[in-house]
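A, B, ... follow the sequence lines: proteins, then strands. Residue 1 opens every chain.
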2 protein chains.
Amino acid sequence: MPRCYILRVNQAADTREVIAAAALEFIDEHGVNALTLRALGRATGLHHTAMYRHFKDRNDVLTAVNAIVVKEGLSRAGELPKEPRERLLALARGLRSAMRDHPAVTLSHLLPIESLANSEPVATMQSGILASLTELGLAGSDLLVHHRLLESYVLGASVFDFGGAPAHLETRRQRLRHVTDPAFEAATRDEASIDELNEVAFDRGLVLILDECARVGALARVDRSARPG
Amino acid sequence: MPRCYILRVNQAADTREVIAAAALEFIDEHGVNALTLRALGRATGLHHTAMYRHFKDRNDVLTAVNAIVVKEGLSRAGELPKEPRERLLALARGLRSAMRDHPAVTLSHLLPIESLANSEPVATMQSGILASLTELGLAGSDLLVHHRLLESYVLGASVFDFGGAPAHLETRRQRLRHVTDPAFEAATRDEASIDELNEVAFDRGLVLILDECARVGALARVDRSARPG
DNA sequence: ACCTGAACACCGTTCAAGT
DNA sequence: ACCTGAACACCGTTCAAGT
């Protein structure tokens with residue numbers, strides 16, 4: 001009984017990736033909590049226990065889904081600029097943009113902290129960021145601290161901003177209900193206004209942090225050329 | 001059959017709060033995923049279905065646990081300074097400190113985005129932050145953006161920093177394994193070094209953001225006094 | 001008002017069996 | 001090598017029944 005209508009027509013593609021793509025689509029539509037292995041089985045036309053042939057466990061499926069999102073973030077960043085500060089800006093905005101496209105996935109973005117380290121898109125993103133920070137002049141503990149700051153900010157703020165989706169609007173209304181400023185009224189009027197506010201705030205913080213990275217990097221570079229060796 | 005050894009000796013206290021405190025203790029020890037209602041029943045000496053007399057559902061339990069952590073954050077902040085920038089610093093560091101004390105709870109801190117809005121400690125924290133930002137001179141959309149930035153940074157970065165705990169050390173080693181800088185070697189040597197790096201990076205970003213809030217607030221204040229009305 | 005016990009519909013995971 | 005089907009130990013939640 002050929003129930004595998006998706007897999008049958010994608011024999012060329014790697015089964016693992018086909019399943020992961022189906023999982024991403026399912027999460028986008030129904031949320032991450034609704035993604036049970038049985039539901040994923042229905043979506044792919046496979047028996048739910050067949051997943052264990054391609055994934056270690058359910059977390060492994062989510063890890064693969066996250067890798068797709070990071071990969072989309074890289075392609076969103078486009079051709080990477082030569083200038084390191086511009087490159088960091090492009091990478092961060094690209095990743096943010098991919099996460100915004102898949103808000104329901106974001107909740108499981110805390111998972112990759114544990115398990116995504118070995119995926120290829122994450123390694124690419126990681127080394128791109130480290131190389132850019134180094135080019136800015138950062139080294140040693142300065143490099144460590146600012147790398148950590150940038151990572152925590154970009155991923156942390158995005159997880160926070162999108163993790164509660166799609167309950168955003170009502171939540172924000174609740175949290176700001178004691179404020180009487182008319183600007184608050186306007187910003188909490190609809191989803192679009194809140195989303196725009198989020199993006200403006202995120203970009204403000206991102207520029208702030210990258211400016212600091214460039215400033216400290218430039219200082220360190222001057223310091224090194226003053227007393228070489 | 002008196003199985004309720006905890007509740008029996010705390011008849012004065014509110015049952016809901018006693019259960020929430022037991023849940024916090026359990027999560028600290030066994031992680032948030034291990035907190036099933038049946039396990040919580042065992043910990044409190046109650047039948048697991050009795051929880052529904054005090055909580056709407058399992059998420060409601062986690063919401064109550066989060067409220068305790070935020071409350072601890074407020075008390076960690078201590079006597080609040082008069083100066084608004086110092087007050088924001090104290091509030092943010094206090095909350096961060098409470099979250100660091102309960103890293104396993106942090107994973108569920110994305111939940112409060114949806115549901116914690118109505119708890120009393122969160123409301124207190126919220127209004128304290130808004131009042132401080134206003135005192136700094138921020139108003140209108142400036143106030144909105146910087147409030148959002150501060151909130152996303154403090155909560156987001158902390159969720160990200162602690163969410164993967166206690167798998168921190170191995171994760172960081174994995175993620176930075178391509179770096180050869182000796183400073184990285186030192187920083188990933190043990191848990192304490194990584195924790196220290198996290199705290200240094202967090203505080204750096206916090207000061208950066210608060211300086212920006214003060215700067216923009218001061219500008220806006222000058223602007224308002226230049227053309228009053 | 002608060003707690004118990006049985007029950008329901010689910011879940012992730014394992015494993016022997018098929019091709 | 002890949003997939004199925006039955007089975008296991010669990011889970012959150014509901015509800016009638018007890019005091």
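The phosphate of D:dA6 has neither OP1 nor OP2 within less than 4.0 Å of any side-chain N or O from A:His47.
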> Where do A:Leu62 and A:Leu35 land on the side-chain contact (heavy atoms from CB on, under 4.5 Å) test, with the steps shown first?
Replying inline: CA-CA 9 Å; A:Leu62 292 179; A:Leu35 182 81; 4.1 Å; yes
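Stem analysis of DNA chain C (at least three stacked-register Watson-Crick or G-U pairs, each with both distances under 3.5 Å) gives C:4-8 with D:12-16, C:12-16 with D:4-8.
In this structure, A:Leu95 and A:Leu155 have side chains that are in contact, with non-hydrogen atoms separated by less than 4.5 Å.
Within 3.5 Å, no donor on the side chain of B:Thr49 pairs with an acceptor on the base of D:dG12, nor the reverse. At a cut-off of 3.5 angstrom, the base of C:dT4 holds no donor-acceptor pair with the side chain of B:His48.
Ranking D:dG12, D:dC3, C:dT13 by closeness to the A:His54 side chain, first place goes to D:dC3. Nearest to the side-chain atoms of B:Arg38 among the listed nucleotides D:dC3, C:dG12, C:dA7 stands C:dA7. Closest to the B:Leu46 side chain, of the nucleotides C:dT4, C:dG12, D:dT13, is C:dT4.
Looking at A:Ser127, its side chain does come within 3.5 Å of a backbone N or O of A:Thr124 through a donor-acceptor pair. In this structure, A:Arg38 contributes its side chain and A:His48 its backbone to no donor-acceptor pair below 3.5 Å.
Among the atoms of the strands shown, base atoms are found under 4.0 Å from some heavy atom of A:Arg53.
Look at CG on B:Leu62: it is 10 Å from P on D:dG12, rounded to the nearest Å. A straight line from CZ of A:Arg16 to P of D:dC2 spans 13 Å, rounded to a whole angstrom. Between A:Arg42 atom CZ and D:dT4 atom P the separation is 14 Å, expressed in whole Å. One interatomic measurement links the two molecules: CG of A:Asp57 to C1' of C:dG12, which rounds to 9 Å at whole-angstrom precision. Rounded to an integer number of Å, the gap from B:Asn59 CG to D:dT13 C1' is 13 Å. C:dC11 atom P lies 9 Å from atom CG of A:Leu37, rounded to whole Å. Rounded to an integer number of Å, the gap from A:Tyr52 OH to D:dA7 P is 19 Å. The CZ-C1' distance, from A:Arg58 to C:dC10, rounds to 13 Å in whole Å.
Checking B:Asp190 against B:Ser193 by side-chain atom types alone, a donor-acceptor pair falls below 3.5 Å.
Screening residues 191-210 of chain A for ring-ring contact (aromatic ring centres under 6.0 Å, His included), with sequence neighbours left out, gives A:Tyr153-A:Phe202.
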Acceptor/donor pairs from residues 24-31 of chain B side chains to any protein atom, 3.5 angstrom cut, sequence neighbours excluded:
| unit_1 | atom_1 | unit_2 | atom_2 | d |
| --- | --- | --- | --- | --- |
| B:Asp28 | OD1 | B:His102 | ND1 | 3.0 |
| B:Asp28 | OD2 | B:His102 | ND1 | 2.8 |
| B:His30 | ND1 | B:Phe26 | O | 3.4 |

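Each of B:Ala39 and A:Ala50 lies near DNA chain D, and the nucleotide nearest A:Ala50 is the one positioned closer to the 5' end.
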